[in-house]
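Have a look at the structure below, then the notes.
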Amino acid sequence: MKIIRTAVKRPVTIAMFILIIIIMGVVSLTQIPIDLFPQIKYPIAVVITNYPGVGPQEVEELVTQPIEEVVATVNDIKKITSTSSEGSSLVIAEFNYGTDMDFAALDMREKIDMIQEYLPDDIKNPRVSKIDITAMPVVELSIEGDKSLNEVKRIAKNKIKSKLERISGVASVSVEGGYENQIEIVVDQKELNGYGLAINHIANLIGAENLNLPGGEINNGNKKLTIKTKGKFKSVEEIKNLPISLP
């Protein structure tokens, strides 16, 4: 009742209060910034290392495990996961929320630099990157057609990708999906036992032979030519004719 009596007795004062509230609302609506893409920081950092021409098992033993061990010594680590594939190693470090990721990434780089001399000479320098949600793809396109999946992927990779990359504002384009060619090698277990061999020996032998390795440089006049030994298999026949060393 007091509010009603005050409003009746002092109409000018009440009108001024209402006017002030309206002005504050208009100013707030027009001046307060609205970020449609707010900065969201995830406490995750990754270490990417390329080791061209080397099989997953060798990458795991020579690259991934040493990096995992040294990254585990960084403060505020919550969990470490890794993936080793042919020619590359990926180590993912998840930190506790609230961790200063700039400092954590710097600490990871320093730790990895300490073991650089113990890593293989042929690897490229490990790259430490923080997960940035704003760097994720903002557009995904699905491509289909009446051709085979391999042909559709070839068209997307060789024709469509290059045209999308030339569009102003596009940072990068990647092609995912499709089939990857794969050769299945079936061995006779009895024959292996007879020769005193294990399946791991065959797998390591094939991985070690299926490599393209640098062979140094030679001088040709005033030019330097880089030599590369090509050892990657080009046909199934080359795999069938691969010599197998016996104990």
Side-chain angles (χ1 to χ4, degrees), residues 25-56 59-60 63-64 67-68 71 74 76-109 111-112 123-184 212 232:
V26 172
V27 171
S28 300
L29 182 63
T30 57
Q31 298 299 322
I32 294 179
I34 299 176
D35 194 349
L36 298 179
F37 296 99
Q39 289 288 341
I40 301 176
K41 293 185 177 181
Y42 287 92
I44 297 176
V46 298
V47 183
I48 303 173
T49 310
N50 293 326
Y51 194 3
V54 179
V59 171
E60 173 72 20
V63 180
T64 303
I67 291 178
E68 276 187 326
V71 169
V74 178
D76 295 325
I77 284 284
K78 181 179 180 181
K79 183 174 64 173
I80 296 178
T81 56
S82 64
T83 301
S84 300
S85 57
E86 182 177 354
S88 66
S89 166
L90 175 65
V91 178
I92 302 174
E94 181 179 351
F95 293 82
N96 296 319
Y97 277 97
T99 302
D100 185 346
M101 290 307 300
D102 292 332
F103 179 78
L106 179 61
D107 195 9
M108 289 176 62
R109 292 188 183 97
K111 298 285 188 182
I112 294 174
I123 71 167
K124 299 182 179 179
N125 289 332
R127 303 191 307 275
V128 179
S129 303
K130 297 174 293 182
I131 295 296
D132 185 2
I133 193 66
T134 60
M136 300 296 287
V138 295
V139 176
E140 293 186 358
L141 303 178
S142 177
I143 302 173
E144 60 178 321
D146 55 359
K147 301 180 181 297
S148 66
L149 187 56
N150 284 336
E151 182 66 15
V152 171
K153 183 176 181 179
R154 186 189 66 80
I155 294 173
K157 189 174 182 179
N158 298 336
K159 296 182 179 181
I160 299 177
K161 178 183 177 182
S162 59
K163 294 182 178 179
L164 292 176
E165 288 175 336
R166 291 195 291 267
I167 298 176
S168 176
V170 175
S172 63
V173 179
S174 61
V175 179
E176 305 292 342
Y179 293 129
E180 295 291 341
N181 291 331
Q182 179 176 311
I183 297 175
E184 183 180 5
N212 291 335
K232 280 188 171 293

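Since the model is a prediction, treat every value here as computed from it, not as a measurement.
In this structure, the separation between CD1 on I48 and OG1 on T83 is 11.0 Å, given to the nearest 0.5 Å. Atom CG in D107 sits 9.0 Å away from atom CD1 in I77 (nearest 0.5 Å). The structure places CD of E144 at 11.0 Å from CG of L149, a figure rounded to the nearest 0.5 Å. The CD1 atom of I112 lies 6.5 Å from the OG1 atom of T49; values are rounded to the nearest 0.5 Å.
The shortest heavy-atom contact between V59 and G87 is CG2-N, 4.1 Å. Shown here for A104 and V74, the closest heavy-atom pair between the two residues is O-CG1, 4.4 Å. Across all their heavy atoms, A93 and V71 have their closest contact at CB-CG1, 3.9 Å. The minimum heavy-atom distance linking R109 with V128 is given by the pair NH2-O, 3.1 Å. The two residues M108 and A45 have their closest heavy-atom pair at SD-CB, 3.7 Å.
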Can you give the donor-acceptor pairs under 3.5 Å from side chains of residues 156-167 to other protein atoms, not counting sequence neighbours?
residue, atom, partner, partner atom, Å
N158, ND2, R154, O, 3.4
S162, OG, K159, O, 3.0

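The side chain to side chain donor-acceptor pair (under 3.5 Å) check on E94 picks up nothing, with sequence neighbours excluded.
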Chi angles and distances behind the side chain to side chain contact (heavy atoms under 4.5 Å, CB included) call for I44, F95
CA-CA 6 Å; I44 297 176; F95 293 82; over 6 Å; no
Could you go step by step and tell me if D102 and K130 meet the side chain to side chain contact (heavy atoms under 4.5 Å, CB included) rule?
CA-CA 8 Å; D102 292 332; K130 297 174 293 182; 2.3 Å; yes
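A heavy-atom distance below 4.5 Å is not found between the side chains of K78 and T99. Counting heavy atoms from C-beta outward, R127 and N50 have side chains that approach closer than 4.5 Å.
When only modelled atom types and interatomic distance are considered, T64 and S82 share no side-chain donor-acceptor pair under 3.5 Å.
For NZ of K232, the number of neighbouring non-hydrogen atoms (other residues, nucleotides, ligands) closer than 6.0 Å is greater than 12.
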